[in-house]
Amino acid sequence: MHHFSYKNGILHAEDVSLEEIAKKVGTPFYCYSTATLERHYTVFKQVFDGIDTLICYAMKANSNQAVLKTLANLGSGADVVSEGELRRALLAGIPPEKIVFSGVGKTSFELKAALDAGILCINVESEPELHNLSRIASEMGKEAHVSFRINPDVDAKTHDKIATGKSENKFGIPLKDAERVYAEAARLPGVKPTGIDMHIGSQITDLQPFDNAFSRLGALIRSLREQGHAIDHVDLGGGLGIPYKHDNLPPPDPQNYAKVVRHHVESLDCRVIFEPGRLIAGNAGILVGEVIYVKQGEAKTFIIGNVGMNDLIRPTLYEAHHDVLCIEEKKSDAEWITADLVGPVCETGDYIAQDRSMPLMKSGDLFAVLSAGAYGAVQSNTYNTRPLVAEVIVKNNVYEIIRPHMSVDCIINIDNIPKWL
Ligand code: LLP
């Protein structure tokens, strides 16, 4: 579900013409819909009515402060994975008591920053991290509230690069070690285990892996409580998938996901934290680009756009599918071709769509890459000295630039040529 649709033959974001934005802002640009962000947050919140929940939006999906502020205004917390993300979340008005900190490699500097900010919970992912945190918190005269991220060894049935809950993945503490680590934490100064945490992967479209993982977690919480640990919250992570193709079966409805969650948590009598990222932001954003050339190769037709793998890396990194629409709606008698939509970057892996049936476009035509609101702008880079593109947010009939186009000077000027050269 999203708020990008054709009005009078032109693709709009809510009530704003994307052709209009392209003229004023210049392509390429990411465009987000406030209504879609708000709807996704609200739908996800509502399916858990009656349960004490906190949604900590996984801001790695899209960390623009305007997006964060939109969600903060609805009451969202944040799942952060770096000191930089922590700062962004606080600046956007997310209160520290709604922030959890995940990640396998939190540095001492980052742990200190989290303790200084007084965040809700640090999701500890290893014994060395636990010892480091205990030392730092003791030195600071503080007590860190911690959860341990448990790795349940469950196959999330998603792309290998975004599966995180299998024993061979670097994430979390093996289930078999959990009781020992909680006992260790209870003995250490400066740390207090208050919760338990899990995140088994991303773009998960089958509910069974969640069901398996949550049942393992439930059993563990019961035995930890028997051993005297006061577990007051369970963090079930994020991971629920979104539809990327308009014509395929939709992934599980949040309602059905909620049924699985309720089945496992209702008897636990504790607060439930979620860390959805993609579900909130994915379909709330598009990437708008422009055709530079249409090139007839020997074996294929290439539509060469000004959007490259540096702007949206998902197709080449995860073999991800993103629907592509022309900004100007094509008439029913338009010529359709099978082509690759590629970018200008000097890599064979630089494509947005391969062997895709699409209307024949010509130089100067505008197109939109859909479902690009999560893991789009945040994973972009300046490869080939290509500046980061602009980001725009729309609300009803108004829009605003929330990150301007980066200048080439900005990239070049951070280099330093040593005096001796
Ligand atoms: N919590 C933790 C600890 C995570 O590592 C992640 C995502 C999330 C929550 C949010 O997961 P979501 O609800 O968005 O599925 N760049 C990849 C996705 C990487 C996900 C990393 N962790 C992509 O573009 O598909």
Side-chain angles (χ1 to χ4, degrees), residues 30 37 40-41 43-44 54-63 67 71 76-82 85-86 89 99-106 121-126 129 147-152 156-166 169-173 195-207 209-210 213 217 234-244 251-252 254 257 261 272-285 287 309 311-322 352 369-381:
Y30 277 95
L37 286 167
H40 289 165
Y41 177 88
V43 165
F44 193 75
L54 174 66
I55 298 179
C56 291
Y57 165 63
M59 61 180 279
K60 61 173 77 65
N62 186 322
S63 56
V67 170
L71 297 172
S76 183
D79 165 42
V80 307
V81 292
S82 68
E85 283 197 352
L86 174 60
I99 296 179
V100 297
F101 198 153
S102 306
V104 294
K106 303 175 203 81
C121 191
I122 297 177
N123 295 336
V124 173
E125 300 223 15
S126 67
E129 183 188 347
S147 271
F148 289 99
R149 176 169 174 180
I150 305 302
N151 182 326
K157 300 194 194 134
T158 184
H159 193 276
D160 261 0
K161 288 200 174 90
I162 52 175
T164 55
K166 292 206 273 190
N169 301 136
K170 69 177 176 181
F171 300 98
I173 288 168
I196 193 158
D197 168 47
M198 177 177 278
H199 171 77
I200 59 170
S202 197
Q203 187 53 17
I204 301 171
T205 54
D206 178 347
L207 291 173
F210 286 120
L217 204 61
V234 52
D235 181 339
L236 298 178
L240 193 58
I242 61 163
Y244 275 97
Y257 171 76
V261 170
V272 187
I273 296 178
F274 296 97
E275 301 169 356
R278 189 190 312 264
L279 189 83
I280 308 280
N283 282 321
L287 174 58
M309 63 187 284
D311 304 310
L312 181 68
I313 205 167
R314 301 197 69 260
T316 195
L317 191 56
Y318 313 110
E319 292 132 79
H321 173 101
H322 286 262
I352 298 297
V369 185
L370 302 196
S371 312
Y375 307 110
V378 285
Q379 289 193 267
S380 58
N381 59 71

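Both ligands and their constituent atoms are indexed starting at 1 by order of listing. Any value given below was found using the heavy atoms of this structure, including those in side chains, with hydrogens, waters and symmetry copies removed.
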Open item on the list: Tell me every residue that passes side-chain hydrogen bond (donor to acceptor under 3.5 Å, both in side chains) with Glu275, counting only those two or more places apart in sequence or in another chain.
Closed with: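 If we apply the side-chain hydrogen bond (donor to acceptor under 3.5 Å, both in side chains) test to Glu275, skipping adjacent residues, the hits are Asn123.
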Task: For Asp206, all residues meeting side-chain hydrogen bond (donor to acceptor under 3.5 Å, both in side chains), sequence neighbours excluded - done: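 So Asp206 forms a side-chain hydrogen bond (donor to acceptor under 3.5 Å, both in side chains) with Lys157.
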Open item on the list: Whether the side chain of Tyr30 engages the backbone of Asp311 through a donor-acceptor N/O pair (distance < 3.5 Å, no angle test) should be reported.
Closed with: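 Checking the backbone N and O of Asp311 against the side chain of Tyr30, a donor-acceptor pair under 3.5 Å is found.
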Open item on the list: Has Glu125 got a side-chain atom pairing as donor or acceptor with Gly103's backbone, closer than 3.5 angstrom?
Closed with: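 Answer holds: yes.
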Open item on the list: Students should find this: residues with any non-hydrogen atom under 4.0 Å from ligand 1. What is the answer?
Closed with: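 Contacts of ligand 1 under 4.0 Å: Ala58, Lys60, Asp79, Ser102, Arg149, Ile162, His199, Ser202, Gln203, Gly238, Gly239, Glu275, Pro276, Gly277, Arg278, Arg314, Tyr318, Tyr375, Gln379.
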Open item on the list: I'd like to check the side chain to side chain contact (heavy atoms under 4.5 Å, CB included) partners of Pro152; sequence neighbours left out, ordered by chain and number.
Closed with: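 Pro152: side chain to side chain contact (heavy atoms under 4.5 Å, CB included) contacts with Val154, Met198, Ile200, Ala213, Arg216.
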Open item on the list: Taking the basic N atoms (NZ, or NE/NH1/NH2) and the acidic carboxylate oxygens, is any pair closer than 4.0 Å for Lys106 and Glu129?
Closed with: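 Counted as a salt bridge, because a side-chain N and a carboxylate O are separated by less than 4.0 Å.
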